Amino acid sequence: MASPRTITIVALSVALGLFFVFMGTIKLTPRLSRDAYNEMKRAYKSYVRALPMLKKIGVSSILLRKSIGALEVACGIVMTLVPGRPKDVANFLLLLLVLAVLFFHQLVGDPLKRYAHALVFGILLTCRLLIARQPEEQPQEKRILSVNGDEQPLIHEAAPEKGKLKVS
């Protein structure tokens with residue numbers, strides 16, 4: 001049976017992955033929601049206006065929106081479908097992306113209700129990454145040390161607790 005840690009990681013990975021695929025698709029095409037797509041276009045125009053250095057290096061609002069949308073879709077697919085280390089890399093990239101989006105929202109002075117979802121999903125990405133990076137807890141009977149081919153319990157488990165006598 002899968003451990004609660006594994007179930008948590010899988011559930012967060014799938015939910016976050018699907019969310020970012022959805023949000024990235026909205027940034028790329030009006031097929032899902034024309035209103036949301038138009039709102040994204042307007043928002044990214046204000047981000048580029050607020051950061052004139054983007055314009056100087058040749059980044060238009062269209063390029064910024066489409067590159068962020070494509071990255072969200074790609075990382076969302078990896079989070080949903082690909083096992084192992086690539087999930088953690090996608091998680092980290094999405095976390096950086098969320099931080100950039102939060103910076104953009106703060107830069108243009110958006111109210112909290114406009115970026116609350118980014119804040120919540122940033123927290124969820126952080127939780128998923130922290131849970132995934134914790135070492136798996138080994139069952140008590142598997143905690144052994146192999147010395148010269150002989151298996152012995154680990155020292156801290158073989159020694160009696162301080163202040164207690166070991167009675168045989």
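In this text the structure is predicted, and so the values were computed from the model without any measurement.
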If you take all heavy atoms of Thr25 and Val73, which pair is closest and at what distance?
N-CG2, 3.6 Å
Co-membership, hydrophobic cluster, residues Ile57 and Tyr47, 4.5 Å side-chain
yes
Once rounded to the nearest 0.5 Å, what's the spacing between atom CD1 of Ile131 and atom OG1 of Thr126?
11.0 Å
Are Val59 and Tyr44 linked, directly or through other ILVMFWY residues, by side chains that come within less than 4.5 angstrom of each other?
yes
Determine the minimum heavy-atom distance between Ile26 and Ala36, stating which atoms define it.
CG2-CB, 3.7 Å
Heavy-atom count around Arg34 CZ within 6.0 Å, excluding the residue itself: above 12?
no
Do Ser13 and Ile9 come close enough that some side-chain heavy atom pair is under 4.5 Å?
yes
Could you check whether atom CG of Leu107 has more than 12 heavy atoms from other residues, nucleotides or ligands sitting under 6.0 Å from it?
yes
Step by step, work out the side chain to side chain contact (heavy atoms under 4.5 Å, CB included) result for Asn91 and Lys87.
CA-CA 6 Å; Asn91 191 147; Lys87 255 186 219 277; over 6 Å; no
Between atom OG of Ser67 and atom CD1 of Ile62, what is the distance when rounded to the nearest 0.5 Å?
11.5 Å
Whether His105 and His117 hold their rings parallel, tilted or perpendicular, with breakpoints at 30° and 60°
perpendicular
Could you list all the salt bridge (Lys or Arg N to Asp or Glu O under 4.0 Å) pairs where at least one residue sits in residues 46-57, not counting sequence neighbours?
none
When rounded to the nearest 0.5 Å, the distance separating CG of Asp88 from CG of Leu95 is 12.0 Å
Rounded distance [0.5 Å steps], CG in Leu71 versus CD1 in Ile68
8.0 Å
Ignoring hydrogens, what is the shortest heavy-atom contact between Ala50 and Val108? Give both atom names and the distance.
CB-CG1, 3.7 Å
Should Leu18 and Met23 be marked as a side chain to side chain contact (heavy atoms under 4.5 Å, CB included) after you check the CA-CA gap, both sets of side-chain angles, and the distance that decides it?
CA-CA 9 Å; Leu18 291 175; Met23 291 305 292; over 6 Å; no
Any idea which heavy atoms bring Ala90 and Cys75 closest together, and the distance?
CB-O, 3.7 Å
Would you sort out whether Ile77 and Phe20 count as a side chain to side chain contact (heavy atoms under 4.5 Å, CB included), showing the intermediate values?
CA-CA 8 Å; Ile77 290 170; Phe20 281 102; over 6 Å; no
To the nearest 0.5 Å, how far apart are CG in Leu94 and CG in Leu125?
5.5 Å
Group every Ile, Leu, Val, Met, Phe, Trp and Tyr by side-chain heavy-atom contacts under 4.5 Å, then state whether Phe103 and Val120 land in the same group.
yes
Exercise: identify the closest heavy-atom pair between Met79 and Gly17:
CB-CA, 3.8 Å
Using a 6.0 Å cut-off, check whether atom CZ of Arg31 has over 12 heavy atoms from anything other than its own residue.
no
Heavy atoms, side chains only, cut-off 4.5 Å: are Asn38 and Arg42 in contact?
no
Linking I/L/V/M/F/W/Y whenever any side-chain heavy atoms sit under 4.5 Å apart, do Phe121 and Leu32 land together?
yes
What's the verdict on side chain to side chain contact (heavy atoms under 4.5 Å, CB included) for Tyr115 and Leu102, showing C-alpha distance, side-chain angles and the deciding distance?
CA-CA 7 Å; Tyr115 62 90; Leu102 288 172; 3.6 Å; yes
What distance do Ser46 atom OG and Asp110 atom CG have between them, rounded to the nearest 0.5 Å?
6.5 Å
If hydrophobic clusters are built from ILVMFWY residues whose side chains come within less than 4.5 Å, do Leu112 and Ile123 share one?
no
Would Glu39 and Lys27 count as a salt bridge (Lys or Arg N to Asp or Glu O under 4.0 Å) if you check the C-alpha gap in whole Å, the side-chain angles of each, and the deciding distance to 0.1 Å?
CA-CA 9 Å; Glu39 180 59 29; Lys27 289 177 178 81; over 6 Å; no
Are the aromatic rings of Phe19 and Phe22 close, with centres under 6.0 Å apart?
no
